[in-house]
Amino acid sequence: MAAVKYWLMKTEPTSYSIQDLAAEKQQKTFWNGVRNYQARNYMRDEMKVGDKVLFYHSNATPPAIVGVATIVRESYPDHTSWDRDNKHYDPKSTAQNPRWFMVDIKLEQIFDEPLPLDTLRNVAALKEMELLRKGSRLSVQPVKRLEFDTVLKLAKKKR
DNA sequence: GCCAACGTTGGC
DNA sequence: GCCAACGTTGGC
């Protein structure tokens, strides 16, 4: 069995927050709306059931990692991409020939306190984290196991 | 609201 | 295939 992989997924809390996820039936949702090829490829090709996800609030005050989720369903077509009325509609994607994919995630944990970007920048073990790279905009990105573990430890210390 | 850093589009 | 113009992301 393949090893568990670690990821980080961004969302603007004004459009979908970790609290929204917590309010879902079974605390599950489909991660629709990704319209970037690199992010899509990670979701479509590499995410497996059981992988762990750091849940990140972008464009928030402050921007922060706010919790952890788990992949509960592997990639399938993002049906919102061929829905004309959807904000993420893409005329080049159809049900017959889907261009965009999504996964299902389930909430695992909301941190007692969010871990702000500022705090993360001051942690040596996270120096090379993709999230902290200047100009990093990827909304779905891989995280190293050490980075993931470090983040969890930091979250625990807050208690 | 500004703007740097991307990614995408489309004319050539 | 190049690259200018344009659009988006996201911290500040």
Side-chain angles (χ1 to χ4, degrees), chain A residues 5-24 29-47 51-71 75-105 107-144 146-148 150-155 157-158:
Chain A
K5 290 190 290 299
Y6 303 91
W7 307 93
L8 179 142
M9 303 206 300
K10 297 181 184 177
T11 174
E12 300 196 18
T14 51
S15 70
Y16 193 90
S17 70
I18 201 166
Q19 286 75 24
D20 292 329
L21 177 58
E24 301 278 3
T29 192
F30 50 86
W31 204 254
N32 68 301
V34 170
R35 298 293 179 266
N36 168 285
Y37 290 105
Q38 204 179 342
R40 178 204 66 181
N41 293 347
Y42 282 136
M43 281 202 298
R44 187 190 58 186
D45 306 334
E46 295 195 45
M47 278 190 179
D51 284 3
K52 305 288 184 189
V53 178
L54 296 174
F55 201 101
Y56 179 78
H57 281 174
S58 62
N59 262 318
T61 41
I65 297 175
V66 292
V68 177
T70 309
I71 305 297
S75 86
Y76 58 106
D78 178 348
H79 59 79
T80 66
S81 67
W82 58 77
D83 173 3
R84 280 176 185 283
D85 297 328
N86 194 279
K87 187 182 168 213
H88 302 290
Y89 173 64
D90 177 356
K92 291 175 186 154
S93 183
T94 63
Q96 290 71 38
N97 189 16
R99 170 174 297 209
W100 303 111
F101 293 79
M102 60 188 182
V103 297
D104 287 356
I105 66 167
L107 180 65
E108 186 158 309
Q109 161 185 22
I110 298 181
F111 296 160
D112 289 343
E113 287 180 54
L115 283 174
L117 206 51
D118 265 3
T119 304
L120 302 173
R121 285 194 195 286
N122 290 322
V123 180
L126 302 180
K127 271 256 157 53
E128 288 174 17
M129 199 175 178
E130 168 69 19
L131 179 70
L132 305 181
R133 234 194 60 233
K134 185 178 163 80
S136 164
R137 300 191 312 172
L138 205 52
S139 65
V140 174
Q141 49 182 257
V143 170
K144 294 192 186 75
L146 173 67
E147 293 165 349
F148 184 88
T150 303
V151 167
L152 280 205
K153 269 181 212 152
L154 286 169
K157 272 191 200 153
K158 293 256 175 188

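Owing to the predicted nature of the structure, the values given are computational and were not obtained by experimental measurement.
- Closest contact between the side chain of A/P63 and the listed nucleotides C/dG11, C/dG10, B/dC6 involves C/dG11.
- One atom, CD of A/E12, and another, C1' of C/dT9, lie 8 Å apart when rounded to the nearest Å.
- Atom CG in A/L138 sits about 10 Å away from atom P in B/dT8, given to the nearest Å.
- In this structure, A/R133 reaches the sugar-phosphate backbone alone: every heavy-atom distance under 4.0 Å involves primed, P, OP1 or OP2 atoms, never a base.
- What separates CD of A/Q141 from P of B/dG7 is a distance of 13 Å, to the nearest Å.
- A straight line from CG of A/L132 to C1' of C/dC12 spans 16 Å, rounded to a whole angstrom.
- Rounded to whole Å, atom C1' of C/dT9 lies 10 Å from atom CG of A/N36.
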Discussion item. Applying salt bridge (Lys or Arg N to Asp or Glu O under 4.0 Å) to A/R40 and A/D45, what does each step give before you reach the verdict?
Written reply: CA-CA 8 Å; A/R40 178 204 66 181; A/D45 306 334; over 6 Å; no

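- Rounded to whole angstrom, the span from the CG atom of A/D90 across to the P atom of B/dT8 amounts to 12 Å.
- Taking atom NZ on A/K87 and atom P on C/dT8, their separation rounds to 10 Å, with Å as the unit.
- Put simply, A/Y56 has a side-chain N or O that comes within less than 4.0 Å of OP1 or OP2 on C/dG11.
- Comparing C/dC12, B/dT8, C/dG10 by their closest approach to the side chain of A/R121 singles out C/dC12.
- For A/K10 and C/dT9, the shortest distance from a side-chain N or O to OP1 or OP2 is not below 4.0 Å.
- Checking A/S58 against A/E12 by side-chain atom types alone, no donor-acceptor pair falls below 3.5 Å.
- Taking atom CZ of residue A/R137 and atom P of nucleotide B/dG7, one finds them 6 Å apart after rounding to whole Å.
- Ion pairing between A/D78 and A/R99 fails under the 4.0 Å rule for side-chain N and carboxylate O.
- The residues A/E108 and A/K52 are annotated as salt-bridged, a charged nitrogen and a carboxylate oxygen being separated by less than 4.0 angstrom.
- Side-chain contact of A/D51 with A/W7: a donor-acceptor pair under 3.5 Å is present, judged by distance alone.
- Heavy-atom nearest nucleotides on DNA chain B were determined for A/N59 and for A/G135, and the one closer to the 5' end corresponds to A/N59.
- Comparing atom distances between the A/K134 side chain and each of B/dA4, B/dC6, C/dC12 picks out B/dA4 as nearest.
- Listed nucleotides B/dT9, C/dG11, B/dG7 differ in distance to A/K92; the shortest reach to its side chain belongs to B/dT9.
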